[in-house]
Amino acid sequence: MKKLTLDELVSLCKRRGIIFLTSEIYGGYAGFFDWGPVGVELRKNVVDSWWNYFVRFREDVYGLFGAIIMHPKVWEASGHVDRFIDWLVECKKCHARYKAEELIEEQGIEITDYSPQNLERIIREHNIRCPNCGGELSEPKKFNLMFETYVGSVKSEEAIAYMRPETAQGMFINFKIYSVYARNQLPFGIAQVGKVFRNEIAPRNFIFRCREFEIAEIEYFINPAEANECPYFSEVKNVTVKIWTKEMQKKEQEPKEMSIGEAYDEGVFSNMWHAYWVGESLKWLNKIGLSMENLRVREHLETELAHYSAQTFDIEYNFPFLGWKEIEGIANRTDYDLKRHAKFSGEKLYMVINGEKIIPHVIEPSWGVERVILALLTEAYSVKENRVVLKIPYELAPYKVGVYPLLKREPFIKKAREIFMQLKNDFEAFLDISGSIGKRYARADEIGVPFGITIDHQTLEDDTVTIRFRDTWEQIRVKTSELKETLNKYLNK
RNA sequence: GCGCCGGUAGUCUAGAGGUAGGAUGCCGGCCUCCCAAGCCGGUGGCGCGGGUUCGAGUCCCGCCCGGCGCACCA
């Protein structure tokens with residue numbers, strides 16, 4: 001079968017009202033996207049599925065809908081201000097870029113004043129040149145991956161606030177409230193879905209890398225003394241997937257297919273809870289339609305670990321047009337964040353359980369919603385007889401059922417309206433009377449509508465209609481009185 | 001952000017100094033009892049700004065957007 005290209009997917013997303021670049025009448029705006037009538041339903045269904053699976057249908061995870069702009073100190077405590085803001089100098093000859101402070105410190109010069117004026121003065125006085133080609137260096141330029149804004153009406157340095165670049169900190173700053181809500185027991189988790197903002201240098205590959213995107217994330221707090229006591233582990237131990245540990249990567253070995261249970265026994269994971277969350281993540285991704293063959297678990301090398309992480313696994317999806325790419329990360333953040341916030345805020349961020357003071361450790365599964373949906377669309381995209389059929393799992397389909405009069409005239413239209421009115425309160429339904437019947441089926445297939453109800457001549461005689469199935473194009477005939485029940489059966493409701 | 005390449009109706013594409021053409025979609029009509037059918041009619045376009053030229057999708061400059069490579073990816 002021909003490989004799907006990103007261009008084909010982008011084209012479908014635009015022409016069918018799913019996702020498209022924002023502000024196109026002004027030439028577009030890189031890294032920002034709008035979701036159309038179909039996309040907005042799809043996104044909502046995916047997020048609902050996630051929320052049900054990880055929050056509502058669990059005993060131990062609590063939801064949060066946190067602020068996008070938080071106290072600026074949050075980002076000092078988290079380490080983002082230090083690690084997201086740099087003064088960079090650029091070589092005027094070869095255009096290589098360097099952190100100013102690193103170049104200066106490499107010369108054995110101690111910096112006491114980190115202001116850009118002073119950094120530049122040191123570079124000029126010591127005649128520091130490009131280590132690559134010896135070229136002259138530019139003045140230091142501020143390089144900030146966080147979007148800044150000003151809170152209050154005065155635009156001063158003191159008024160700078162940041163658009164959150166991750167949702168995690170919203171959970172950490174509310175740890176006390178949630179630990180009480182969880183009745184002072186471990187483990188428990190806090191879940192949040194929301195927009196985050198990162199001022200990427202080069203947004204690319206459609207919605208794969210954007211500047212404004214959505215994260216679905218859980219911070220799961222465990223007792224470090226009980227890190228290998230996960231009562232749910234039997235639910236994931238047989239999940240089997242390709243796993244690529246850092247050792248395998250260093251030895252240039254291929255990923256190895258193994259179960260989560262086997263991998264845990266072999267010591268692949270930092271602890272049992274970490275293994276559990278990798279397994280649960282895979283189960284949900286598989287549930288929403290991503291096949292296990294297209295998923296793999298890759299451990300981060302030491303060099304790519306985030307400053308807060310003891311061990312991270314990426315769940316990667318094999319995009320036909322991008323190769324294996326991260327759609328979710330599962331990090332062991334240990335007690336890094338709670339300790340940092342305790343230090344910066346002066347609050348006591350620990351729990352006392354049975355007289356013992358415990359700073360919980362954190363396992364953090366973190367999904368990129370756009371990336372998951374890109375994988376979902378990729379997996380669902382299929383071609384049948386030269387037509388696109390989007391085989392989205394029924395529960396996620398933006399519309400469930402289309403109603404079509406076979407011919408565009410009375411009394412077919414009247415009867416179709418009746419059926420539509422009968423269905424619309426129970427299903428995401430629409431009525432389409434425009435164009436030939438084949439054209440209407442084709443349009444519905446492109447946005448993944450699972451069922452089509454057709455009103456034909458026989459309907460007018462015996463009050464039966466046909467149900468057409470998106471994936472097979474087969475039709476069955478049912479009484480209109482049994483339509484709702486039959487559709488529910490197929491939808492597994 | 002750097003380098004190379006590109007940008008023509010909603011989508012896909014022809015045109016490379018001289019009247020912007022096609023396909024498809026969409027809308028209306030005729031026809032049609034089931035898979036983008038047929039016929040007729042309609043809708044809609046050179047990314048933005050400046051320059052060169054009698055004349056610019058076409059050549060030049062800047063910007064924007066996209067693809068690829070590098071860098072970045074906490």
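Heavy atoms only: backbone and side chains are in, while hydrogens, waters and symmetry mates are out. Remember, predicted model here, so these are calculated numbers, not experimental data. First the proteins, then the strands, lettered A, B, ... as listed; each starts at 1.
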A/Arg16, nearest nucleotide to its side chain (from B/U11, B/C27, B/A36): B/A36
Sugar-phosphate only, base, or nothing, as touched by A/Asp7 at under 4.0 Å among non-hydrogen atoms: nothing
Check: B/C72 base within 3.5 Å donor-acceptor of A/Arg209 side chain: yes
Nucleotide of B/C26, B/G66, B/C70 approaching A/Arg204 most closely (side-chain heavy atoms): B/C70
Residue A/Ser11, side-chain atoms from C-beta onward, closest of B/C12, B/G10, B/U32: B/C12
Among B/U11, B/C34, B/G28, the nucleotide that comes nearest once only the side chain of A/Arg477 is considered: B/C34
Ring geometry between A/Phe175 and A/Phe221 (parallel below 30°, tilted from 30 to 60°, perpendicular above 60°): tilted
Span that lies between the C1' atom of B/U8 and that of B/U58, in whole angstrom: 11 Å
Pair A/Phe269 + A/Phe313: ring centers closer than 6.0 Å: yes
Whole-Å C1' distance, B/G45 and B/C60: 24 Å
First of A/Ser434 and A/Arg468 reached from the 5' end of RNA chain B, by closest nucleotide: A/Ser434
Proximal nucleotide (of B/G67, B/C34, B/A71) relative to the A/Ala202 side chain: B/A71
Donor-acceptor pair (no angle test) under 3.5 Å: A/Glu385 side chain, B/A36 base: no
Side chain of A/Arg387 (C-beta onward), nearest among B/C34, B/C35, B/C27: B/C35
C1' spacing across the pair B/A9 / B/G57, given as an integer number of angstrom: 14 Å
Of residues 327-345 of chain A, the positions that come close to RNA chain B - non-hydrogen atoms, cut-off under 4.0 Å: none
Pairwise P distance for B/C70 and B/G21, with rounding to whole Å: 43 Å
Spacing of the P atoms in B/C72 and B/C59 (rounded, Å): 36 Å
Sugar-phosphate, base or nothing in reach of A/Glu166, heavy atoms under 4.0 Å: base
Polar side-chain contact A/Gln475-B/C34 base: donor and acceptor under 3.5 Å: yes
Residue A/His457, side-chain heavy atoms: nucleotide from B/C33, B/A36, B/A71 that is nearest: B/C33
Under 3.5 Å: donor-acceptor pair, side chain of A/Thr464, backbone of A/Thr459: no
Parallel, tilted or perpendicular: rings of A/Trp273 and A/Tyr220 (30°, 60°): tilted
Inter-nucleotide C1' distance (B/C40, B/U52), Å rounded: 47 Å
P-based separation of B/G41 from B/U53 [nearest Å]: 44 Å
Closest to the A/Tyr29 side chain, choosing from B/C35, B/C65, B/G29: B/C65
Proximal nucleotide (of B/G1, B/C34, B/G25) relative to the A/Ile201 side chain: B/G1
Whether A/Trp50 and A/Trp284 hold their rings parallel, tilted or perpendicular, with breakpoints at 30° and 60°: perpendicular
B/C72 pairs with, by Watson-Crick or G-U criteria that keep both distances under 3.5 Å: none
Chi-angle category of B/G57 [syn within 90° of 0, anti beyond]: syn
A/Phe451 ring center near A/Phe469 ring center (under 6.0 Å): yes
Sugar-phosphate only, base, or nothing, as touched by A/His80 at under 4.0 Å among non-hydrogen atoms: base
Side chain A/Tyr441 and base B/C34 donor-acceptor under 3.5 Å: yes
Parallel, tilted or perpendicular: ring planes of A/Phe319 versus A/Phe321, cut at 30 and 60 degrees: tilted
Short N-O contact, A/Arg468 and A/Glu474, less than 4.0 angstrom: no
Watson-Crick or G-U wobble partner of B/G18, both distances under 3.5 Å: B/C54
5′-ward residue of the pair A/Pro165/A/Arg440 relative to RNA chain B: A/Arg440
Aromatic plane relationship, A/Phe412 with A/His457 - under 30° parallel, 30 to 60° tilted, over 60° perpendicular: perpendicular
Distance, C1' atom - from B/A16 to B/A20, rounded to whole angstrom: 13 Å
Sugar-phosphate only, base, or nothing, as touched by A/Glu326 at under 4.0 Å among non-hydrogen atoms: nothing
Geometric class of the A/Phe54/A/Trp277 ring pair [parallel <30°, tilted 30-60°, perpendicular >60°]: tilted
Among B/C35, B/C65, B/C26, the one nearest A/Leu21 by side-chain distance: B/C65
Touch class at under 4.0 angstrom, heavy-atom based, for A/Phe206 against every strand present: sugar-phosphate
